[in-house]
Amino acid sequence: MTTTTTTDTAYWTSVESPVGPLLLTAAPTGELTSLSVPGQKGGRTVRADWRRDPGPFREAERQLAAYFAGELKEFRLALNAVGTPFREKVWAALDDVPYGATVSYGEIAARIGASRPAVRAVGGAIGANPLLIVRPCHRVIGSDGSLTGYAGGLERKVRLLTHEGALRP
């Protein structure tokens, strides 16, 4: 996945999925800037100055459909996430967590070279991930194996991990 940084979000669309409606936003250049779900902590809502246009989202929609059909295990989309350098480092580490696997917050901290006390900051960065599903923050669990928070809700986290085979139904 390619990531660039900007604050401009000009386009949006909504896509139905097995975990509910997904709100996708894109920069004027076509990179995906967010993927949110209803009720998401810190999720996006449509602004009056955004333009509804499904055009920039055709590839994202195709890949999401393939993911939910069990045919795609790794997203290959141009992403445009906005965050501090620390958050972007954490988000990049999420991209390396393979389909069907889980890691702990401490493991993500270690992957980016953060100290053990930085685990809480890592958790905050993961919780601020603007690209649910495509940047797989649902694959991060507690060090004891517990299904800790997920900005999209624990029920969605369970459904996504079950879909990927990381949890048994």
message: In this structure, would L24 and L160 fall into the same cluster of hydrophobic residues linked by side-chain contacts under 4.5 Å?
response: yes

query: Can you check side chain to side chain contact (heavy atoms under 4.5 Å, CB included) on F86 and V122, steps first, answer last?
result: CA-CA 9 Å; F86 179 80; V122 167; 3.9 Å; yes

message: Under the criterion side chain to side chain contact (heavy atoms under 4.5 Å, CB included), I'd like the reasoning laid out for Y150 against L132: C-alpha separation, chi angles, the key distance, then a yes or no.
response: CA-CA 10 Å; Y150 179 61; L132 296 188; 3.8 Å; yes

task: May I ask you to decide if A66's main-chain N or O and E71's side chain share a donor-acceptor pair within less than 3.5 Å?
output: no

Closest heavy-atom pair and its distance - A10, P28: CB-CG, 3.8 Å

Criterion side-chain hydrogen bond (donor to acceptor under 3.5 Å, both in side chains) on E74 and Y67, from CA distance to verdict: CA-CA 8 Å; E74 184 178 337; Y67 168 80; over 6 Å; no

task: Kindly say whether A125 contributes a backbone atom to a donor-acceptor pair with the side chain of W91 at under 3.5 angstrom?
output: yes

message: Restricting to non-hydrogen atoms, name the atom on P136 and the atom on V97 that form the minimum distance, rounded to 0.1 Å.
response: CG-O, 4.1 Å

Distance (rounded to the nearest 0.5 Å) between L77 CG and L32 CG: 6.5 Å

Under 3.5 Å, which donor-acceptor pairs do the side chains of residues 102-112 form with other protein atoms, sequence neighbours left out?
unit_1	atom_1	unit_2	atom_2	d
S104	OG	G106	N	3.4
S104	OG	E107	N	3.0
S104	OG	E107	OE1	3.2
Y105	OH	T148	OG1	3.2
E107	OE1	S104	N	2.7

task: Would you mind checking if R76 and E59 are paired as a salt bridge, meaning a charged N to carboxylate O distance below 4.0 Å?
output: no

- request: Enter the distance from S14:OG to L23:CG here, rounded to the nearest 0.5 Å.
  value: 6.5 Å

query: Once the angle between the rings of F68 and H163 is folded into 0 to 90°, is it parallel (under 30°), tilted (30 to 60°) or perpendicular (over 60°)?
result: tilted

field: Check: L131 main-chain N/O paired with R135 side-chain donor or acceptor under 3.5 Å
entry: no

- request: Identify the two heavy atoms, one from N129 and one from Q40, that lie closest to each other, and give their separation to 0.1 Å.
  value: O-NE2, 4.2 Å

- line: When every non-hydrogen atom of G20 is compared with those of S17, the smallest separation belongs to O-OG, 2.6 Å

field: Ionic contact status for R58 with E61, cut-off 4.0 Å
entry: no

message: Could you report the tightest heavy-atom contact between G100 and E164, atom names first, then the distance?
response: N-OE1, 3.1 Å

query: Between atom CD1 of I133 and atom CZ of R156, what is the distance when rounded to the nearest 0.5 Å?
result: 8.5 Å

query: Does S36 offer a backbone N or O that forms a donor-acceptor pair with the side chain of S34 under 3.5 Å?
result: no

- prompt: For the atom pair CZ (R159) and NE2 (H138), what is the distance rounded to the nearest 0.5 Å?
  reply: 13.0 Å

task: Determine the minimum heavy-atom distance between K73 and R139, stating which atoms define it.
output: O-NH2, 4.2 Å

- request: Examine L72 and V19 and state if one hydrophobic cluster contains both, with Ile, Leu, Val, Met, Phe, Trp and Tyr joined whenever side-chain heavy atoms are less than 4.5 Å apart.
  value: yes

- request: Identify whether L79 and Y99 are in the same connected component of the hydrophobic contact network (ILVMFWY, side-chain heavy atoms under 4.5 Å).
  value: yes

task: Could you walk me through whether V15 and L35 pass side chain to side chain contact (heavy atoms under 4.5 Å, CB included), step by step?
output: CA-CA 10 Å; V15 176; L35 189 157; over 6 Å; no

message: Evaluate Y11 against T25 for side chain to side chain contact (heavy atoms under 4.5 Å, CB included), listing each step before the verdict.
response: CA-CA 6 Å; Y11 300 99; T25 63; over 6 Å; no

- request: Look at the side-chain heavy atoms of Ile, Leu, Val, Met, Phe, Trp and Tyr, link any pair under 4.5 Å apart, and say whether F75 and F57 land in one connected group.
  value: yes

